[in-house]
Peer 1: 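Here it is: the structure, laid out below.
Here the structure is a predicted model, which is why all the values come from computation and not from measurement. Hydrogens, waters and symmetry mates are skipped; everything else that's a heavy atom, side chains included, is used. Just so we're on the same page: letters track the sequence lines, and every chain starts at 1.
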Amino acid sequence: MAPELTLTSLLAMKTDELREKYLSFFETKGHTRVASDVLVPTWDPSVLFTPAGMNQFKDHFLGKVKLDFTRATTCQKCMRTGDIDNVGRTPRHHTFFEMLGNFSFGDYFKDEAIHWAWEFLTDKKWLGLPPETLSVTVYKDDQQAADIWHEKIGVPTSRISYEEEDENFWPASAPSQGPDGVCGPCSEIYYTAPGREALEIWNLVFTQFNRVGDPPDNLRPLPSKNIDTGMGLERTAAALQDVETNFHIDILMPIVQAAAEVCGVKYEYHSENGRRLRRITDHVRACTFAVHENVYPGANKEKYVVKRLLRRAVLDGHQIGLRDPFLCKIVPTVVEMMAGTYPELKETTERVAGVIEKEEANFFATIDGGLNRIEQSFDEMRKENRTTVDGHVAADLYQTFGVPPELFESLAAEHNLAFDWDGYEQAMLEHGEASGKLTHTVMGSKGPIDSLKQVHHKTDFLGYDVTEASATVLGIIAGKAPNDHLCDKMEEIGHEDPVRIVLDKTPFYGESGGQVGDVGKLMGAGFEFDVIDTQKDGELFVHIGHLKSGVMSEGDTVQAAVDTGRRDAIRRAHSATHLLHHALRKHLGDHAQQQGSKVEADWLRFDFTNLSPVTPEQLAAITEDVTSDVATAAEVKWETLPLAEARKQGAMMLFGEKYPDPVRMVSMGPLSAGTNSRELCGGTHLTNTKQVGAFEIISEEGVSAGTRRIVALTGQRAEQQVVETTTALDKTAKLLSCAASQVPEAVTALLAEQRSLKKLLSSGGAASDEPGPKLSSPTDQLSYQQAKITLTEAGRLLSVAPLAVPERVESLLSEVESMKRQLAERDAAGPLSADKLLESATKIGATTVVVAETPGAPQNLMRQLIDQLRAKEDSVAVLLAAREGDEKVTLIAGISKDLQQAKVSAGKWIGPVAKTLGGGGGGRPDMAQAGGKQPEKLPEALEVALKTIKEMIDA
RNA sequence: GGGGCCGUAGCUCAGUUGGGAGAGCGCUAGCUUUGCAAGCUAGAUGUCGCCGGUUCGAGCCCGGCCGGCUCCA
């Protein structure tokens, strides 16, 4: 052998070439090449990201779906964040990576899997690795695999090792520790390049057991055995290209270099910056794919993971010395490197970079704020002479303000302070506990639904064509998970927990694609069942509800009837959703893609991508568009056609949705603009847009950064909304006695009047009669759209919901009225002044005592008068009282400094006075305030005031 | 889904058993200077996020809602 020659030829093996070779090799072995599933499989609630190649085949393995093929091969985009701390530090760890795999669903097993793996690795036509560079491991009890490797393939026993269940079993340690369900031994293949350590490149999983309970004898053979293998693309490429880390392979090194350039540093493998650049490379690649699939950084679930990945990478940049967004500049390189296999990335490069840039800027701002908080914390530590940063404090700062502990630590080091990582970890653990845990659904779990799936696979959906049909009861499930169970029959009426019924076919729509499930009735011989919701579990439709009368048994024939009134309302809302989507893209641009939607009876919620709020004018234009689309009476059609054909016709496709092939395409048009709406959609629709009836947008709001939400109504609910809006505006106009169009002006004027009255009252000035703005008589007619904008505008001015405007205006008017009354009262009592008060003063020794009522005086004025009196007289005690309406009295007392020194207190003085009035009060020694609820006792109270101050001064 | 923090002048924020809404920057005017930067003096600007409760009295206490930030799962 000439290793140099081999090496040279291997060096030419590019990553893209390896991927292609793998897939075509298994195609020659009868495998169907299946495209990579999405990275964020929203169809699978048990995971946030696709963790392995087998994920998209879960149901295939479990026999829950009808199989179109029994052998498949894929290159799957994957993401794992479990070992996130190791990324960049070790040669192999990634968050985002690609996994090559071949799968058998009850088809071939161990023998073929091992033979083909060997052939692919060693045959000159494929990878052509020298056999002596390969070694394998098997599970200690899997002599069958060991025999195949040794006797059939010819691997010497010296290169076959036996491993424990924690290493060579899937799931790890399943035999002794569980979980129950399908599992099996694995066999790993290692490659040892000249001068390098052995590297695991391929794991063959032989799922052949069903685990039932604890050992012994808990592994039962599966009737149908499966093969699930995984070859790490990056690590195998690294081995073939003879580089020391995955990050140096042909598709990753250019990203590392781009990162180095953007960060303005030189890339060195063994350096802190080297680790940082590799981490940046990994994270920006992961985020590019995630954002491409419309998963934006956010507060929940996968969105949160994306956010955390981005922030980690930004923090690395920050510690390198960057202060402005930079990750976004690496995105084009990522796309360039990955576009060979994933050309769709090119279509969204700009948007992806934009989203990343925004989040980066956001985080730099968070860091800035954090720096101040960290400095404050150092100040406190200096005061208390501590030299170690309290981990709990750091965790608190992180949890509350997002201050990264790494940042805290490095600044602490600069101040020569230690950092308590143990305390930090502990605090974070406590926080995790406090935040609660999420229960994961275990693969291969044995719920009653799963048992049904094994037998029946699917319910036929008839609801596109009919709303009533005869069907057979396949299963009745009662009780709450995990204690739910299948029943042969049920007769209990009035049970509290809903029962779930599975039928062989049904007109009921199961909740999916944002559309809620149908309600209705199942009727059979002598029984009646109320369906309150319909859900889908896999391809089974589950009718949830209550038995109303009779006895229902498995195998019974039922007449299933959907509540058609509600169904029609849902159809209106769903078709209107498509029209709205279409109009949004026309007015805002093609980026206004659906992010999520919910369709109920005559009610719809639509989330879409848009960076800024939609203006009222845009909303009006969008509403008008939809309304005229409705008026156009365009035909609504649906057809089932191949995915590729639908794409060609320009159907809108959404990420994160798993489209079957063929797909169902819903078309409407031609619409008012002459274009058509085409969406892939499984929902129920109208046959003509005219049937939508009325359409009304009732709100537009932000739901997370870069995403807006519109809520709208259709049919009667929309009409009712129109009436309510019109009525509210008319009522407001009447209250303000102005024309509807002038409501905003009138509201502004009213607010101004309220403000100036408030000011007048508190300043003690005289009332002035400013005429309000001249408004025309209430006769003009507004179009509905104008009326809506007008009312919304008024609502904005008053900071209340549009429909709450009349109420708010009414209360404003009455407030203004009462202030005017108060002003008038004060004017009637004549002007108040310190001199005038002095006229009624009495003397107690050297002290001037003023106890008086100051009608209509607000608190502020009373204080001013007291201050004036204190300035005029050397020794003075003042107590003023003013009625507020018929039920309240306000008292304010103040005394001069000499009296305070003589231990006289305004607070103590005012107490008994307030008590006389049925109130209480207090304050500082020099100035006190109190109130009472019985104005009629004011004269008596003033007597008490005089008496009390006399006693205090004399004492 | 759950935890924490924040919402006070145009901006950044302070507001201490609940008792006169503040500072700095910015803004306007005047003064000073040959001019600029700046300096001095005076002044204006607030539904204290919204709604309700407790209280004689709430920016402050309690409850609900809205908005923003943040962490955990």
Peer 1: With sequence neighbours excluded, what pairs up with A:D83 under the salt bridge (charged side-chain N to carboxylate O under 4.0 Å, His left out) test?
Peer 2: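 Here no residue qualifies.
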Peer 1: Counting heavy atoms from C-beta on, name the nucleotide in B:A73, B:U70, B:G20 closest to the side chain of A:M927.
Peer 2: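 Looking only at heavy atoms from C-beta outward on A:M927, the closest nucleotide is B:G20.
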Peer 1: Enumerate all atom pairs, one protein N or O and one N or O from nucleotides 53-55 of chain B, separated by less than 3.5 Å.
Peer 2:
none

Peer 1: Can a cation-pi geometry be assigned to A:R373 and A:F401, taking NZ or CZ under 6.0 Å from the six-membered ring centre and within 45° of the ring axis?
Peer 2: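 Geometry flag: set, cation within 6.0 Å and 45°.
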Peer 1: Can you sort out the partners of A:E511 under side-chain hydrogen bond (donor to acceptor under 3.5 Å, both in side chains), two or more places apart, ordered by chain and number?
Peer 2: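 Only A:Q535 meet the side-chain hydrogen bond (donor to acceptor under 3.5 Å, both in side chains) criterion with A:E511.
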Peer 1: Under 4.0 angstrom, heavy atoms only, what part of the nucleic acid is A:K915 near: base, sugar-phosphate, or nothing?
Peer 2: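 A:K915: no heavy atom of the nucleic acid under 4.0 Å.
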Peer 1: Mind checking salt bridge (charged side-chain N to carboxylate O under 4.0 Å, His left out) for A:D835 and listing every partner two or more places apart, or none if nothing turns up?
Peer 2: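 Partners of A:D835 by the salt bridge (charged side-chain N to carboxylate O under 4.0 Å, His left out) criterion, ordered by chain and then number, come out as A:K872.
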Peer 1: Would you please name every residue forming a side chain to side chain contact (heavy atoms under 4.5 Å, CB included) with A:P404, sequence neighbours left out?
Peer 2: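 So A:P404 forms a side chain to side chain contact (heavy atoms under 4.5 Å, CB included) with A:L315, A:F363, A:E406, A:L407.
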Peer 1: Please compare A:Y424 and A:G932 by the position of their nearest nucleotide in RNA chain B and report the one closer to 5'.
Peer 2: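 Mapping each residue to its closest nucleotide by heavy atoms, the 5'-most match is A:G932.
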Peer 1: Are A:R883 and A:E853 close enough for a salt bridge, meaning some N to O gap below 4.0 Å?
Peer 2: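 Answer for the salt bridge query: yes.
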Peer 1: Has the side chain of A:K937 got a donor or acceptor atom that lies under 3.5 Å from a matching backbone atom of A:G918?
Peer 2: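 No; judged by distance alone, with no hydrogens or angles, the pair does not exist.
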Peer 1: Describe the nucleic acid contact of A:A930 in one word from base, sugar-phosphate, nothing, applying a heavy-atom distance below 4.0 Å.
Peer 2: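 Since a base atom lies under 4.0 Å of A:A930, the category is base.
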Peer 1: From the list B:G19, B:A73, B:C69, which nucleotide is the closest neighbour of the side chain of A:T366?
Peer 2: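 Of the candidates, B:C69 comes closest.
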Peer 1: Within the side chain of A:S905, is there an N or O that forms a donor-acceptor pair under 3.5 Å with the backbone of A:G907?
Peer 2: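 Answer holds: yes.
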Peer 1: State which residues pass ring pair (Phe, Tyr, Trp, His ring centres under 6.0 Å) with A:F419; sequence neighbours excluded, sorted by chain then number.
Peer 2: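 With sequence neighbours excluded, A:F419 shows a ring pair (Phe, Tyr, Trp, His ring centres under 6.0 Å) to A:F408, A:W421, given in chain and number order.
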Peer 1: Would you indicate what A:G931 reaches in the nucleic acid, counting non-hydrogen atoms under 4.0 angstrom: base, sugar-phosphate, or nothing?
Peer 2: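 The answer is base, as A:G931 lies within the cut-off (heavy atoms under 4.0 Å) of a base atom.
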Peer 1: Which residues pass the ring pair (Phe, Tyr, Trp, His ring centres under 6.0 Å) test with A:F606, sequence neighbours left out?
Peer 2: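 With neighbours one apart ignored, the set is A:H581.
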Peer 1: More 5' along RNA chain B: A:D867 or A:G918, using each one's nearest nucleotide?
Peer 2: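 It is A:D867, whose closest nucleotide lies nearer the 5' terminus.
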Peer 1: So, using side chain to side chain contact (heavy atoms under 4.5 Å, CB included) as the criterion, who are the partners of A:V393 when residues are at least two apart?
Peer 2: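 Here the qualifying residues are A:S377, A:D390.
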Peer 1: Using a cut-off of under 3.5 Å, enumerate the N/O to N/O pairs linking the protein to nucleotides 21-26 of chain B.
Peer 2:
none

Peer 1: Sequence neighbours excluded and cut-off under 3.5 Å, please list the side-chain donor-acceptor pairs for residues 891-904 of chain A, or say none.
Peer 2:
residue : atom : partner : partner atom : Å
A:S896  : OG   : A:V876  : N            : 2.8
A:S896  : OG   : A:V876  : O            : 3.3
A:S896  : OG   : A:D898  : OD1          : 2.6
A:D898  : OD2  : A:S875  : OG           : 2.7

Peer 1: Just the atom pairs and distances: protein N or O near nucleotides 3-6 of chain B's N or O, under 3.5 Å.
Peer 2:
residue : atom : partner : partner atom : Å
B:G3    : N2   : A:Q399  : O            : 2.9
B:G4    : O2'  : A:T400  : OG1          : 3.2
B:G4    : N2   : A:T400  : O            : 2.7

Peer 1: In whole Å, what separates the P atom of B:A21 from that of B:U54?
Peer 2: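 About 23 Å, rounded to a whole number of Å.
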Peer 1: Look at A:R311 and B:C71 and indicate whether a side-chain polar atom (N or O) is within less than 4.0 Å of OP1 or OP2.
Peer 2: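 Yes, A:R311 has a side-chain N/O under 4.0 Å of OP1/OP2 on B:C71.
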Peer 1: State which of B:A73, B:C56, B:G20 makes the closest approach to the side chain of A:K888.
Peer 2: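 When the side chain of A:K888 is considered, B:C56 is the closest of B:A73, B:C56, B:G20.
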Peer 1: So what does A:T890 hit on the nucleic acid, given a heavy-atom distance under 4.0 Å: a base, only sugar-phosphate, or nothing?
Peer 2: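 No contact.
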Peer 1: For A:R311, is there an ion pair with A:E360 - N to carboxylate O distance below 4.0 angstrom?
Peer 2: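 A salt bridge is absent here (no side-chain N lies under 4.0 Å from a carboxylate O).
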Peer 1: What does the 5'-to-3' dot-bracket notation of RNA chain B look like when only Watson-Crick and G-U wobble pairs under 3.5 Å count, and pairs to other strands show as |?
Peer 2: (((((((..((((.....[..)))).(((((.......))))).....(((((..]....)))))))))))).
Peer 1: Given A:E600 and A:R605, is the salt bridge (charged side-chain N to carboxylate O under 4.0 Å, His left out) satisfied, shown in steps?
Peer 2: CA-CA 9 Å; A:E600 295 178 14; A:R605 191 179 75 198; over 6 Å; no
